[in-house]
Undergrad: 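First the structure, which I've put down as structure tokens, then a few questions once you've had a look.
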Amino acid sequence: MGMQASSLVFGPIELRLAERRLLVDGQPVGLGSRGFDLLRALVSKRDRVVSKDELLDEVWPGLVVEENNLQVQISGLRRVLGTQAIATVAGLGYRFTLAPGPGPAVAVPTDLHLAPPGTAARIGDVLVADDNRVNRLLLCRSLELLGHRVHSADNGHQALAMLRAQRYDLLLLDLAMPELDGFGLLQLRAGDAALREVAVIVTSALDGVGPVARCIELGADDFLHKPVDPWLLRARVESSLVRKQRQDQLGAALRRLQPSAPAQASHLADATILVARLRDPDALARTQPPQDTLDMLGNWCTLMFDAVAAHRGEVTQFSGDRLMALFAEPQAALQAAQDMAEVSALFHAERSPAGPADGAAAATPVLTPAIGLARGAVLAGTATTARRAAWVCMGAPVERAEWLAAECARRDGGLLMDAGLKPALAAGPPPSAVPVLVPVLVPVQLADGSLAYTVAPPPL
């Protein structure tokens, strides 16, 4: 499928092909030449899955390139566009999943009388609830002329049913309606988390500050007195949709930061725990400015998250230079560990200077992952307080994986695993490029009663 347009828009993302520029929420985002070529290739073939070989041929024409180069570029694009923008189809390749949408954000005009006619700054799905047929038709017509997708209800019960059946961005709500009035609907909305996600502008002919104050107390976002001025309607609707979009983006960002976990505790009889940590994070911090270190850690963690997700794992803990992941299949955990080691080496090679500066090579911090793997029964679930929720994964395999990763970090990096991983290792071990040791763990009872481990040399 060829691309005819010089600019393509997918929600907040705009791809300007002629300028070779990517904008997110109207702001330019720096992509390397290969990254832009890869994104263009995926977008141009978004109607199908694109094989890895096809992408390698298009982005690196005439060159022999390792597949890990492609994985690094894919991970970088996901960090910019969101993890759901590019789907991995196992055994087949990748597919760009974002649907074409409205153009880039347009600021709400500060001078309403100079606001140009045409499409609103944010296009939304709007529900108008008003029992007066004339008022309802006028509001719907005004909103449709602004480019919104508009639906209507003539009483509160119908509006409530529609809100629960379909997703809306904004509700324009009349107060004086039969069966269930606007106040009653606002009260029901206040007790329903899903309904609270819908922005509400109350439209009413009631005079005085009392109704306005009551509506705000019940969670309404704004209030318009009837008859509604069309310029004021436009401004309030656009302002509400802008706030709603920002809230949605913040919610999506928080969901990306907090991995999904089972709401109820579950005993997993056979799970594999992977702990990956950088071998010497203090050395990284000493050799470069603080912001460079944080940026580097962010990129490294993006690659590690991608390696976990590619093998159907779930990140359970994350602290910048360390992460823990849970796998149902031990072989998948081994493959993820292999990817982590290989991608870290590739990432380090890309960050290293092309050649020595002033006769001496510039010092580039080495990103060497230390990985521990352990297998056994764990308890998984979500622990919550009034202000925070967190993934919980606990059990002896967690302690062993933590200890093995720490032991590995004291060496030269690589991979240490407990004996429970031996069958998976026999079924398909990582290549010799990844240091692998299956140690014999010797438990040691400390004076305070706690348990530690030492490693006996593995059998030859």
Undergrad: Could you tell me whether a side-chain N or O of Ser44 sits under 3.5 Å from a main-chain N or O of Ala41, the two making a donor and an acceptor?
TA: yes
Undergrad: Does Ile86 offer a backbone N or O that forms a donor-acceptor pair with the side chain of Arg78 under 3.5 Å?
TA: yes
Undergrad: Report the C-alpha distance between Leu55 and Leu42 in whole Å, list the side-chain angles of each, state the deciding distance to 0.1 Å, and finish with yes or no for side chain to side chain contact (heavy atoms under 4.5 Å, CB included).
TA: CA-CA 8 Å; Leu55 289 172; Leu42 289 168; 4.0 Å; yes
Undergrad: Are any side-chain N or O atoms of Arg189 and backbone N or O atoms of Val198, one a donor and one an acceptor, separated by less than 3.5 Å?
TA: yes
Undergrad: Locate the shortest heavy-atom distance separating Pro211 from Leu175; write the atom from each residue and the value.
TA: CB-CD1, 4.4 Å
Undergrad: Are the side chain of Glu58 and the backbone N or O of Glu54 linked by a donor-acceptor pair below 3.5 Å?
TA: no
Undergrad: How close do Arg196 and Ala190 get, counting heavy atoms only, and between which atoms?
TA: NH1-O, 2.7 Å
Undergrad: Less than 4.5 Å apart, side chain to side chain, heavy atoms only: is that true for Ile273 and Thr316?
TA: no
Undergrad: Measure the spacing between CG of Leu224 and CG of Asp229 and express it to the nearest 0.5 Å.
TA: 9.0 Å
Undergrad: Search all heavy atoms of Val212 against all heavy atoms of His225 and return the closest pair with its distance.
TA: CG2-NE2, 4.1 Å
Undergrad: May I ask you to decide if Val43's main-chain N or O and Arg46's side chain share a donor-acceptor pair within less than 3.5 Å?
TA: yes
Undergrad: Test of understanding: with salt bridge (Lys or Arg N to Asp or Glu O under 4.0 Å), list the residues that count as partners of Arg167, not counting sequence neighbours.
TA: Asp169, Asp248
Undergrad: Tell me whether Arg21 contacts the main-chain N or O of Leu15 through its side chain, where contact means a donor paired with an acceptor under 3.5 Å.
TA: no
Undergrad: For a 4.5 angstrom cut-off between non-hydrogen side-chain atoms, does Phe327 reach Leu373?
TA: no
Undergrad: With rounding to the nearest 0.5 angstrom, report the CG to CG distance, Leu8 to Leu17.
TA: 5.0 Å
Undergrad: Test side-chain hydrogen bond (donor to acceptor under 3.5 Å, both in side chains) on Ser240 and Arg236 and set out the steps.
TA: CA-CA 6 Å; Ser240 295; Arg236 299 292 177 81; over 6 Å; no
Undergrad: Taking atom CD of Gln158 as the centre, report whether more than 12 heavy atoms of other residues, nucleotides or ligands fall under 6.0 Å from it.
TA: yes
Undergrad: Take Leu170 and Leu143, measure what side chain to side chain contact (heavy atoms under 4.5 Å, CB included) needs, and give me the verdict at the end.
TA: CA-CA 11 Å; Leu170 176 63; Leu143 293 167; 5.8 Å; no
Undergrad: Can you name the closest pair of heavy atoms from Arg16 and Phe36 and give their distance?
TA: O-CZ, 3.8 Å
Undergrad: With a sphere of 6.0 Å drawn around NZ of Lys226, does it hold more than 12 non-hydrogen atoms of other residues, nucleotides or ligands?
TA: yes
Undergrad: Can you list the steps and then say if Arg34 with Asp37 is a salt bridge (charged side-chain N to carboxylate O under 4.0 Å, His left out)?
TA: CA-CA 5 Å; Arg34 302 296 187 190; Asp37 289 342; 5.1 Å; no
Undergrad: List the steps and the verdict of side chain to side chain contact (heavy atoms under 4.5 Å, CB included) for Tyr94 and Ser51.
TA: CA-CA 6 Å; Tyr94 300 97; Ser51 70; over 6 Å; no
Undergrad: Does some side-chain heavy atom of Met162 sit less than 4.5 Å from a side-chain heavy atom of Tyr168?
TA: yes
Undergrad: Can you confirm whether Leu163 sits close enough to Asp192 that some side-chain heavy atom of one is under 4.5 Å from a side-chain heavy atom of the other?
TA: no
Undergrad: Using every non-hydrogen atom in the two residues, find where Ala307 and Ala336 come nearest and quote the distance to one decimal.
TA: O-CB, 3.8 Å
Undergrad: Could you check whether Asp339 and Gln335, counting side-chain N and O atoms only, form a donor-acceptor pair closer than 3.5 Å?
TA: no
Undergrad: Applying side chain to side chain donor-acceptor pair (under 3.5 Å) as the test, list every pair that has at least one member in residues 132-147; sequence neighbours left out.
TA: none
Undergrad: How close do Asp131 and Ala176 get, counting heavy atoms only, and between which atoms?
TA: OD1-O, 3.1 Å
Undergrad: Just by modelled atom types, is the Ala85 backbone N or O under 3.5 Å from a matching donor or acceptor in the Thr97 side chain?
TA: yes
Undergrad: Measure the CD1-CG distance between Ile74 and Leu81 for me, rounded to the nearest 0.5 Å.
TA: 10.0 Å
Undergrad: Please tell me if the side chains of Ser319 and Asp321 come closer than 4.5 Å, counting only heavy atoms from C-beta onward.
TA: yes
Undergrad: Is the closest side-chain heavy-atom distance between Leu139 and Leu233 below 4.5 Å?
TA: yes
Undergrad: What's the separation between atom CH2 in Trp300 and atom CG in Leu278, rounded to the nearest 0.5 Å?
TA: 4.0 Å
Undergrad: Give, for atom CG of Leu173 and atom CG of Asp181, the distance between the pair rounded to the nearest 0.5 Å.
TA: 8.5 Å
Undergrad: Are the side chains of Asp221 and Lys244 in contact, using a 4.5 Å heavy-atom criterion?
TA: no
Undergrad: Considering the options Leu185, Asp130, Val128, which one meets the side chain to side chain contact (heavy atoms under 4.5 Å, CB included) requirement together with Asp174?
TA: Asp130
Undergrad: Report the distance from atom CZ of Arg277 to atom CG of Leu323, rounding to the nearest 0.5 Å.
TA: 11.5 Å
Undergrad: Would you say CZ of Arg149 has more than 12 non-hydrogen atoms from neighbouring residues, nucleotides or ligands within 6.0 angstrom?
TA: yes
Undergrad: Is Leu77 close to Phe96 at the side-chain level, that is, under 4.5 Å between some pair of heavy atoms?
TA: no
Undergrad: Is there a side chain to side chain contact (heavy atoms under 4.5 Å, CB included) between Leu138 and Val228 once you walk through the steps?
TA: CA-CA 10 Å; Leu138 288 173; Val228 177; over 6 Å; no
